[in-house]
Trainee: 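The structure follows.
None of the values given here were measured: they were computed from a predicted structure.
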Amino acid sequence: MPVAVETNIVHSVDKAMTLIDLLLHSRRAMTLQELSAASGWPKSTVHALLATLRRHDMVRQNGDGRYALGIRLFECGCAVSAAWDISHQCRPYLERLAAQTGASAFVAALEGDYTISFDQCAGGGGLQVIPEVGSRLPLHATAQGKLFLSQLSESDMLGRVQRAGLTAYTPHTITDTGKLLHALEAVRAVGYAVEDGEFKIGLRAVAAPVAVQDGQHRYALGVVGLFRRVGSDEFQYAIEQTVLHARQLSRALGAQI
C-alpha cells in the first residue's frame with residue numbers, strides 16, 4: 001500500500017531538523033565531517049544549516065570545533081514539560097502501579113513513528129529496568145508501541161511501520177507485516193498490549209490505554225521488568241493492575257469510561 005507523502009515541506013527546515021535529530025541521537029558532540037557523512041549532504045550545505053541553527057542557539061559549537069545541541073532546545077524542553085500537566089496527574093498512578101507490581105512503571109505518548117516515555121517510576125523489587133525518559137522506542141517491538149499501532153487505521157499504521165522499518169531487535173521481534181497485523185488484532189480484542197522479549201531479551205512489559213476528556217486514547221500506562229514469563233502469576237497480576245490503574249487515570253483525566 002503506498003504511503004502518502006507530505007508535499008508542503010520546507011526542505012531547508014526539514015534538513016535543519018534532521019541535523020538536530022542526528023545530534024540528539026548521538027548523545028555527543030559531532031564534527032562537521034561526521035554530520036555530513038550521517039546526513040549524506042555536502043559539508044558546505046551542513047555548515048550553512050549549522051550556522052543558521054547557531055544563530056538561534058539551537059546548536060552550539062565547542063572549542064574543538066564539534067557541534068552539540070544548544071541551550072535554546074533546553075529552554076524549549078522545559079517549556080513543553082511545564083505545559084504537560086499530564087505528568088503531574090500521572091505521578092500518583094505511576095507510583096502506585098510500581099509499588100503494586102514491584103516493576104518499573106511508565107507513561108508514554110505516540111510521537112511520529114516512535115513512542116516516547118515522558119515519566120517513569122521504579123518499583124521496589126530486586127533488579128530494576130528503568131525506561132529512559134525522552135528516549136524514542138520502536139512501535140512494533142514494545143508494548144506501548146503496539147498499543148498505539150492498534151488504535152490507528154491500517155493505512156496510518158502501515159505508513160509509520162514502513163518509514164521506521166521492522167527492525168529485528170531480538171529473535172522474538174515481529175518483522176513480518178502480516179504477523180504484526182494479527183498481533184494488533186489481539187491487542188484490540190483484549191484492550192492491552194504485551195511485550196515478550198521483543199525489544200530486549202528477558203524483558204517483558206504490558207501497556208494499557210489512557211483516555212482523556214475527549215475520549216481519545218492519548219497515552220499508554222505500563223510496567224516493564226524481568227518477569228519470568230508472560231504466563232506467570234506475577235505477570236498476569238501486572239496486567240490486571242496496569243489495566244486497572246489506566247482506567248483510574250483515564251477517569252481522573254476526565255474520560256467517561
Trainee: Could you go step by step and tell me if T142 and T115 meet the side-chain contact (heavy atoms from CB on, under 4.5 Å) rule?
Mentor: CA-CA 9 Å; T142 59; T115 175; 3.9 Å; yes
Trainee: For G197, is there any backbone N or O sitting under 3.5 Å from a side-chain donor or acceptor partner on T170?
Mentor: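 Checking the backbone N and O of G197 against the side chain of T170, a donor-acceptor pair under 3.5 Å is found.
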Trainee: Inspect the contact between E34 and R28 and indicate whether a charged nitrogen and a carboxylate oxygen are less than 4.0 angstrom apart.
Mentor: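 Looking at E34 together with R28, the answer is yes, because their closest N to O distance falls below 4.0 Å.
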Trainee: First locate atom CE of M17, then atom OG of S12, and finally report the distance between them rounded to the nearest 0.5 Å.
Mentor: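 So the gap between those two atoms works out to 12.0 Å.
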Trainee: Please report the interatomic distance OG1(T18) to NE2(H11), rounded to the nearest 0.5 Å.
Mentor: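 Going from OG1 on T18 over to NE2 on H11, the span is 11.5 Å.
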Trainee: By ring-ring contact (aromatic ring centres under 6.0 Å, His included), which residues pair with F199, not counting sequence neighbours?
Mentor: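 Expected list: Y169.
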Trainee: Any non-hydrogen side-chain atom of L203 less than 4.5 Å from a side-chain atom of F227?
Mentor: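 Heavy-atom side-chain distance check fails, nothing below 4.5 Å.
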Trainee: Ring centres of F106 and F118 under 6.0 Å apart?
Mentor: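 Centroid distance F106-F118: not below 6.0 Å, so no.
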Trainee: Evaluate the side-chain proximity of L149 to L110: yes if any heavy-atom separation is below 4.5 Å, no if none is.
Mentor: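 Sidechains of L149 and L110: no contact.
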Trainee: Can you name the closest pair of heavy atoms from A98 and C121 and give their distance?
Mentor: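 That would be CB-O, 3.7 Å.
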Trainee: Find out if a path of hydrophobic residues (ILVMFWY) with successive side-chain heavy-atom gaps under 4.5 Å connects I239 to Y237.
Mentor: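 Looking at the clustering, Y237 is in a separate group from I239.
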Trainee: May I ask you to test the L184-M157 pair for a side-chain heavy-atom distance under 4.5 Å?
Mentor: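 Yes. Closest side-chain heavy atoms under 4.5 Å.
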Trainee: Say you draw a straight line from CD of Q120 to OG of S135; how long is it, rounded to the nearest 0.5 Å?
Mentor: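 Those atoms lie 10.5 Å apart.
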Trainee: Can L147 be reached from L152 by stepping across I, L, V, M, F, W or Y side chains whose heavy atoms are under 4.5 Å apart?
Mentor: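 Looking at the clustering, L147 is in a separate group from L152.
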Trainee: Can you tell if the side chain of S39 reaches within under 4.5 Å of the side chain of V46, non-hydrogen atoms only?
Mentor: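 S39 reaches V46 side chain to side chain.
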Trainee: Would you say CD of Q236 has more than 12 non-hydrogen atoms from neighbouring residues, nucleotides or ligands within 6.0 angstrom?
Mentor: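 For Q236, atom CD is crowded (more than 12 foreign heavy atoms under 6.0 Å).
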Trainee: Considering the options V59, L73, L23, which one meets the side chain to side chain contact (heavy atoms under 4.5 Å, CB included) requirement together with L53?
Mentor: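 In the set V59, L73, L23, the residue that makes a side chain to side chain contact (heavy atoms under 4.5 Å, CB included) with L53 is V59.
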Trainee: Are L181 and F148 connected into the same hydrophobic cluster when the rule is that any two of I, L, V, M, F, W, Y join if their side-chain heavy atoms are below 4.5 Å apart?
Mentor: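 Yes; L181 is reachable from F148 via cluster members.
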Trainee: When rounded to the nearest 0.5 angstrom, what distance separates CD in E240 from CD in Q100?
Mentor: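 Reported to 0.5 Å precision, the distance equals 9.5 Å.
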Trainee: Please lay out, stage by stage, how Q256 and Q213 fare under the test side-chain contact (heavy atoms from CB on, under 4.5 Å).
Mentor: CA-CA 7 Å; Q256 301 298 315; Q213 192 169 13; over 6 Å; no
Trainee: Tell me which pairs pass side-chain hydrogen bond (donor to acceptor under 3.5 Å, both in side chains) where either residue lies in residues 184-201, with sequence neighbours left out.
Mentor: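 Only K146-E198, D196-R204 qualify under side-chain hydrogen bond (donor to acceptor under 3.5 Å, both in side chains).
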Trainee: Linking I/L/V/M/F/W/Y whenever their side-chain heavy atoms sit closer than 4.5 Å, directly or via other members, would L24 and L22 fall into one cluster?
Mentor: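 Same cluster.
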Trainee: Side chains of P92 and R96: closer than 4.5 Å at any heavy-atom pair?
Mentor: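 Heavy-atom side-chain distance check passes, below 4.5 Å.
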Trainee: What is the minimum heavy-atom distance between A143 and A193, and which atoms define it?
Mentor: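 A143 and A193 have their closest heavy atoms at O-CB, 3.1 Å.
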Trainee: The criterion is side-chain contact (heavy atoms from CB on, under 4.5 Å); which residues satisfy it with A168, sequence neighbours excluded?
Mentor: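 In terms of side-chain contact (heavy atoms from CB on, under 4.5 Å), with neighbours along the sequence ignored, A168 is linked to T175.
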Trainee: Enumerate the side-chain hydrogen bond (donor to acceptor under 3.5 Å, both in side chains) contacts for residues 48-57, please, sequence neighbours excluded, ordered by first and then second residue.
Mentor: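 The answer is R54-Q61.
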Trainee: Which value, rounded to the nearest 0.5 Å, describes the distance between L50 atom CG and M30 atom CE?
Mentor: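 The CG atom of L50 sits 10.0 Å away from the CE atom of M30.
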Trainee: Check whether any side-chain heavy atom of H245 sits under 4.5 Å from a side-chain heavy atom of L221, and report yes or no.
Mentor: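 The answer is yes; the side chains approach within 4.5 Å.
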Trainee: For D214, does the CG atom have more than 12 heavy-atom neighbours from other residues, nucleotides or ligands under 6.0 Å away?
Mentor: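 Buried by this count: over 12 neighbours within 6.0 Å.
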Trainee: L166 and side chain to side chain contact (heavy atoms under 4.5 Å, CB included): which single residue from L180, L139, I174 fits?
Mentor: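 One option only clears the test, and that one is L180.
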Trainee: When you measure from the side chain of R60 to the backbone N and O of L69, does any donor-acceptor pair fall under 3.5 Å?
Mentor: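 Answer holds: yes.
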Trainee: Taking I116 as the starting point, is it possible to reach L249 by hopping between hydrophobic residues whose side chains are less than 4.5 Å apart?
Mentor: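 No, separate clusters.
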Trainee: Could you tell me which residues satisfy side-chain contact (heavy atoms from CB on, under 4.5 Å) with R251, sequence neighbours excluded, listed by chain and number?
Mentor: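 Once residues adjacent in sequence are excluded, the partners of R251 under the side-chain contact (heavy atoms from CB on, under 4.5 Å) criterion are R247, Q248, I257.
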Trainee: Decide side-chain contact (heavy atoms from CB on, under 4.5 Å) for L35 and W41; before the verdict, give the C-alpha distance in whole Å, the side-chain angles of both, and the deciding distance to 0.1 Å.
Mentor: CA-CA 8 Å; L35 286 166; W41 304 323; over 6 Å; no
Trainee: For the NE2 atom on H172, are there more than 12 heavy atoms of other groups (residues, nucleotides or ligands in this structure) within a distance under 6.0 Å?
Mentor: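 Yes, enclosed.
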Trainee: Nearest 0.5 Å please: distance from the CZ atom of R91 over to the CG atom of D119.
Mentor: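 R91 CZ to D119 CG: 4.5 Å, rounded to 0.5 Å.
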Trainee: Does any part of the side chain of P209, heavy atoms only, come nearer than 4.5 Å to the side chain of Q151, both counted from C-beta?
Mentor: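 In contact.
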Trainee: With sequence neighbours left out, what residues match Y93 under ring-ring contact (aromatic ring centres under 6.0 Å, His included)?
Mentor: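 By the ring-ring contact (aromatic ring centres under 6.0 Å, His included) rule, Y93 matches no residue at all.
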Trainee: I need the minimum non-hydrogen distance between A68 and N62, along with the two atoms involved.
Mentor: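 A68 and N62 have their closest heavy atoms at CB-ND2, 4.4 Å.
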Trainee: Can you find a heavy atom in the side chain of H47 that is under 4.5 Å from one in the side chain of L32?
Mentor: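 They are in contact (side-chain heavy atoms under 4.5 Å apart), so the answer is yes.
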Trainee: If I compare all heavy atoms of T101 with all of A238, which pair ends up nearest, and what's the gap?
Mentor: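 Closest heavy-atom pair between T101 and A238: CG2-CA, 3.9 Å.
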Trainee: Quick one about Q144 and Y219 (side-chain donor to acceptor, distance below 3.5 Å, no hydrogens or angles considered), yes or no?
Mentor: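 On atom types as modelled, these side chains do not qualify, holding no pair under 3.5 Å.
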Trainee: Could you go through T173 and H140, starting from their C-alpha distance and side-chain angles, then the distance that decides it, and tell me whether this counts as side-chain contact (heavy atoms from CB on, under 4.5 Å)?
Mentor: CA-CA 8 Å; T173 307; H140 70 292; 3.6 Å; yes
Trainee: Minimum heavy-atom separation for A122 and S104, please, with both atom names.
Mentor: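 Minimum heavy-atom separation between A122 and S104: CA-OG, 3.9 Å.
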Trainee: Indicate the atoms forming the closest heavy-atom contact of A220 with V210, along with that distance.
Mentor: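 Closest pair (atom of A220, atom of V210, distance): C-CG2, 4.4 Å.
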